[in-house]
2 protein chains.
Amino acid sequence: MADVAEKAGVSRALVSIIFRNQAGASRETRERVLRVADEIGYRPDSAARLLARGRSRTLGVMFTVHQTFHTDLITGIYPEAERLGYDVLLSGATHGRSEAKAVEALLSHRCEAVILLGPDAAPAYLDELGQRTVAVSVSRRVPQARVDFVHSAEAKGVRQAMDHLVELGHRRIVHIDGGRGPGSAERRRAYRAAMRRHGLEDEARVIPGHHTEESGIETGCLLLAERDAGRPLPTAVLAGNDRCAMGLLMALTRAGVEVPRDLSVVGYDDSHLSHLMPIGLTTVRQDAVLMAEHAVRFAVERLENGELQPREAVLDPKLVVRGTSGPVPKAAGPA
Amino acid sequence: MADVAEKAGVSRALVSIIFRNQAGASRETRERVLRVADEIGYRPDSAARLLARGRSRTLGVMFTVHQTFHTDLITGIYPEAERLGYDVLLSGATHGRSEAKAVEALLSHRCEAVILLGPDAAPAYLDELGQRTVAVSVSRRVPQARVDFVHSAEAKGVRQAMDHLVELGHRRIVHIDGGRGPGSAERRRAYRAAMRRHGLEDEARVIPGHHTEESGIETGCLLLAERDAGRPLPTAVLAGNDRCAMGLLMALTRAGVEVPRDLSVVGYDDSHLSHLMPIGLTTVRQDAVLMAEHAVRFAVERLENGELQPREAVLDPKLVVRGTSGPVPKAAGPA
DNA sequence: TACTCGAACTAGAGCGCGCTAGTAGAGCGC
DNA sequence: GCGCTCTACTAGCGCGCTCTAGTTCGAGTA
């Protein structure tokens, strides 16, 4: 920077002004300085910048590398952050790298706020995190912690899915839940409530699972084994999320069960996976882009308006009917 | 830091020493300082650190958010970087955020080196990047550019896969290529060479595609349409990568084509997708962890040993036979 | 006793910027 | 002429840390 200033015949301060696009430099000086900088190959050093201005204007995003829905969210985070003048740094939680570690990395790189995609950490940790920085949790509700929260109205989404299935004549509807996964508890409750509301509580069945393809496959094998043992297949399955639905579809299709002729499957998320099936996956759409935008805005507003109270955004999910749901099979009828 | 020093009754310098895990502080002082720091909630500011020591010890990783194999690589990058004492920053290329932008973000955050996972940028850009910083390209070979390079011996992998299929009696083997995707050109060439070597050049057929599930689905639909128009299905397909293979499997299974009874499918990568099929996907395993480790080591060695020449690591891939490949269907026989 | 030496610790410069408080000088009205 | 304002620019401190070149002190050695 000093080199640029000297070569352009101005002070370092003016160079600084120019690189910050601030008023106070004449057009010609500006051009001259920029030209010189380009020649020298000077680019402002963001570490020094951060240090000097005390603010980094950087948002940290913690995500789980293998969750496809997270990558959908990230796609939405970048443009919104850029629009608001913020940089984004990503840190992944993987097998062997805990969420806490991923978050620490972000924090030590001076992120002013962290956006946590479907965090699985203990509420106490999140609360502590919320105290010491601005934190936004996406998908997972942690009422006890001082963090902003963006999720979709799980109950509404599940209700739409269930109404859809019941309208198609389904009664034997099974739910594969998502274990400790984000939103799972709400979805499970909403499933039970919907079964009750439709007078199907005796048919209600929750099979424990996870938000992974493996879990869908396992459940598929379980259901097939049960069928072979004489217990009829359910006529519809509400999966914990799209990944789980995909796994289930794999296992069933593979075994000759035709979807939706023999059995209907509904996913959750509308991640980019949903389009993979040639017939499309019927699923509950969570608008990843909208959720991402909300998360970014929450973080930025908290940062810029001082100490706002943590807020909650509940977005309405929407059932997207594609090819994996259809009328209840004739043969199956009521159990 | 000053607060910690004062409260612990030592100088800032000593606090610095302790937080850098450097020798020169007694055990008891060390413990006392760390305790005080913990009480105050002090954590070293990495921006100031970078600025002061002139080195960031940070590696930047550019990846494509939706590429599952990239997430497999990332999983391997973290531990190796940590072992060598480096931080990792992730920056994703997405639809709407170019690779160049992702890389700029990394650079301005003071990453000393960038690891590019399957870069699709122009060789000229990569070369320029290689001039101004240490760059490692994973999966994509760019001989014209001054960058390190880690890939697997595509030709060997394809040859193994082809030998396997031919041994099972297949002759009508089609290859869906990966367009401009990393490794595609090599795989395509190797496919052609293998067909020739087995005397099957007349059967060789490369269907243009991409490294995506969509591409697999499209190709599946294409093949099915051709079958309906009278042209027999191939008996085996070598897909451009696992994602493409998965899409293909979806489309075919959906249409009643049983794999591997009616048709064999071989993928490429052995990404975590490969385990999704209940019967498992036969695929060419690229060891993501090993590749990741090589990439990290290349970057670190270049950084620490001054100006080494760019190097190339070629890892041997290995065919993993799972459930999607089997003997050629009786009915099909030789074309 | 006089010294050497190493372990434990400290003073203070400097990393590359941003920012506040300032100056120089041109233009204006009275 | 004077004071005033406005634009264009500058001096220099400080952000929070690392690092070099010390100092202090107690133990060991001749």
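For clarity, every value in this text was computed on a predicted model and none was experimentally measured. A note on names: the letters A, B, ... follow the listed sequences, proteins ahead of strands, and every chain is numbered from 1.
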Using a cut-off of strictly less than 4.0 Å, decide whether [X] has a side-chain nitrogen or oxygen near OP1 or OP2 of [N].
X: B/Arg12; N: C/dC9; answer: no
X: B/Thr29; N: C/dC9; answer: yes
X: A/Ser26; N: D/dT7; answer: no
X: A/Ser16; N: C/dC17; answer: no

Problem - Sugar-phosphate only, base, or nothing, as touched by A/Met1 at under 4.0 Å among non-hydrogen atoms - result: sugar-phosphate
Using whole Å, report how far [atom1] of [X] lies from [atom2] of [N].
X: B/Glu6; N: C/dA11; atom1: CD; atom2: C1'; value: 16 Å
X: B/Asp3; N: D/dG16; atom1: CG; atom2: C1'; value: 11 Å
X: A/Arg49; N: C/dG16; atom1: CZ; atom2: P; value: 15 Å
X: A/Phe19; N: C/dG16; atom1: CZ; atom2: C1'; value: 13 Å

Exercise for the section: Could you tell me whether the side chain of B/Glu99 reaches within less than 4.5 Å of the side chain of B/Leu116, counting heavy atoms only? Expected result: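 They are not in side-chain contact.
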Problem - Student check: side-chain heavy atoms of A/Val138 and A/Met291 closer than 4.5 Å - result: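 Yes, side chains in contact.
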Exercise for the section: Run through A/Leu89, A/Leu84, A/Val136, A/Leu303 and flag the one making a side chain to side chain contact (heavy atoms under 4.5 Å, CB included) with A/Leu59. Expected result: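 For A/Leu59, the side chain to side chain contact (heavy atoms under 4.5 Å, CB included) test succeeds with only one of A/Leu89, A/Leu84, A/Val136, A/Leu303, which is A/Leu303.
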Practice task
Evaluate whether atom CD of A/Glu82 has more than 12 neighbouring non-hydrogen atoms of other residues, nucleotides or ligands under 6.0 angstrom away.
Solution key: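 No, the 6.0 Å shell around CD holds no more than 12 heavy atoms from other groups.
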Practice task
Output the single nucleotide from D/dT18, D/dA11, C/dC9 whose closest atom is nearest the side chain of A/Ser11.
Solution key: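 When the side chain of A/Ser11 is considered, D/dA11 is the closest of D/dT18, D/dA11, C/dC9.
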Handout entry: Comparing B/Arg27 and B/Leu51 on DNA chain C - which has the more 5′ nearest nucleotide
Key =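 In this pair, the answer is B/Arg27.
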Handout entry: Nearest-nucleotide comparison on DNA chain C, the residue closer to the 5′ end among B/Ala48 and B/Ala13
Key =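 Result: B/Ala13.
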